[in-house]
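Accompanying notes for the structure given below.
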Amino acid sequence: MGEEVLVLNHNYQPLNVTNRKRALVLLYLGKAHVVDDMGNASVVRLNHHVKRPMPVLRPSRKSIFTRDGYRCVYCGATHLPLTIDHVIPRVRGGTDDWDNLVCCCTKCNNAKGDRLPDEAGMTMVRKPRRPKCLPYISYPKFMAALRNPGWMDYLEPYAASAS
Ligand SMILES: [Zn+2]
């Protein structure tokens, strides 16, 4: 069994990525069984359906960086220190929502100041939007898990075009 284990609900909906030790406890207690165990792509499935309320997918700093590929949305820089920019500045009523937060280099952030991108003569390589991904798993964790070829079949239906 790999270091990380994908945990599926009884209906195959991905619930979490956990570590081997915790997965073994689930197996030992008879709460789950192994679905796939190929090197680093271990998957266990719960024997009973667990009902969980859908959490709200909140934009964290790391989530915004992950969505934007650790790349400034204005100039494309990846090597400069990165920060979070409010497209509509906070002082002008901009909110902390997925569609108003972008990954931005400190240079562009300073150049933009408290202006809108248009006013500062800056364009965005893509419009920020709320990513579609499975809300049970945090966005950065989900995007990382999606890169595991053995887990792709289980996760991809929930990924949409998140990148
Ligand atoms: Zn920049």
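Small disclaimer: the values here were computed from a predicted structure and weren't measured.
Rounding to the nearest 0.5 Å gives a distance of 7.5 Å between CD1 of Ile84 and CG of Asp68. Rounding to the nearest 0.5 angstrom, the gap separating the CG atom in Leu155 from the CZ atom in Arg147 is 12.0 Å. Within the model, atoms CE of Met122 and SG of Cys75 stand 7.5 Å from one another, a figure rounded to the nearest 0.5 Å.
One hydrophobic cluster holds both Trp98 and Phe142 under the rule that ILVMFWY side chains link at heavy-atom gaps under 4.5 Å. When hydrophobic clusters are built by joining Ile, Leu, Val, Met, Phe, Trp and Tyr residues whose side-chain heavy atoms come closer than 4.5 Å, directly or via intermediates, Val34 is grouped together with Leu26. In the hydrophobic clustering of ILVMFWY residues, with side-chain heavy atoms under 4.5 Å counting as a link, Leu82 and Val102 come out apart. Both Tyr158 and Val17 sit in one connected hydrophobic cluster of ILVMFWY residues. Membership requires side-chain heavy atoms under 4.5 Å apart, directly or through other members. The hydrophobic cluster containing Tyr74 does not contain Ile64, counting ILVMFWY residues as joined when their side-chain heavy atoms lie under 4.5 angstrom apart, directly or transitively.
Smallest separation of non-hydrogen atoms from Arg129 and Arg67: O-NH1, 3.0 Å. Between Gly113 and Pro89, the shortest heavy-atom contact is O-CG, 4.5 Å. Between Val5 and Gly2, the closest heavy-atom pair is CG2-O, 4.0 Å. When all heavy atoms are compared, the tightest approach of Pro53 to Tyr136 is O-CE2, 3.8 Å. Here the shortest heavy-atom pairing between His33 and Leu27 reads CA-CD2, 3.7 Å. Residues Ser42 and Gly39 approach most closely at OG-O, 3.7 Å, considering heavy atoms.
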Steps toward side chain to side chain contact (heavy atoms under 4.5 Å, CB included) verdict (Leu15, Arg52)
CA-CA 9 Å; Leu15 274 183; Arg52 269 213 231 161; 4.1 Å; yes
Would His86 and Leu101 satisfy side chain to side chain contact (heavy atoms under 4.5 Å, CB included), going step by step from the backbone distance to the final call?
CA-CA 5 Å; His86 287 73; Leu101 299 173; 3.5 Å; yes
Just do the side chain to side chain contact (heavy atoms under 4.5 Å, CB included) check on Lys127 and Asp99 with the steps written out, would you?
CA-CA 8 Å; Lys127 250 179 113 65; Asp99 57 2; over 6 Å; no
Could you please spell out the steps behind the side chain to side chain contact (heavy atoms under 4.5 Å, CB included) verdict for Val25 and Lys31?
CA-CA 9 Å; Val25 171; Lys31 289 187 173 176; over 6 Å; no
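In this structure the side chain of Leu80 never reaches within 4.5 angstrom of the side chain of Cys72, judged on heavy atoms. In this structure the side chain of Arg71 never reaches within 4.5 angstrom of the side chain of Val125, judged on heavy atoms. Tyr139 has its side chain out of reach of Ser60: every pair of non-hydrogen atoms, C-beta onward, lies at least 4.5 Å apart. A heavy-atom distance below 4.5 Å is not found between the side chains of Thr83 and Cys103. Contact annotation: the side chain of Pro14 approaches that of Ile137 to within less than 4.5 Å [non-hydrogen atoms, C-beta and beyond]. Side-chain atoms of His10 and Arg45, non-hydrogen and from C-beta on, do get closer than 4.5 Å to each other.
A 6.0 Å sphere centred on NE2 of His49 holds more than 12 heavy atoms belonging to other residues, nucleotides or ligands. Around atom CZ of Arg58, no more than 12 heavy atoms belonging to other residues, nucleotides or ligands sit under 6.0 Å away. Counted within 6.0 Å of CZ on Arg22, heavy atoms from surrounding residues, nucleotides or ligands total 12 or fewer; the atom is thus considered open. Summarising the local packing, CZ of Arg61 is surrounded by more than 12 heavy atoms from other residues, nucleotides or ligands at distances under 6.0 Å.
Screening residues 103-112 for side-chain hydrogen bond (donor to acceptor under 3.5 Å, both in side chains), with sequence neighbours left out, gives Asp85-Asn109, Asp85-Lys112.
Residues Thr95 and Asp97 bring a donor and an acceptor atom of their side chains to less than 3.5 Å of each other. Between the side chains of Asp36 and Tyr154, at least one donor-acceptor pair of N or O atoms lies under 3.5 Å.
At least one donor-acceptor pair closer than 3.5 Å links the side chain of Asn19 to the backbone N or O of Lys21. Checking side-chain atoms of Arg92 against main-chain N and O of Asp114 turns up a donor-acceptor pair under 3.5 Å.
Under the 30°/60° scheme for interplanar angles, the aromatic rings of Tyr70 and Phe65 are found to be tilted.
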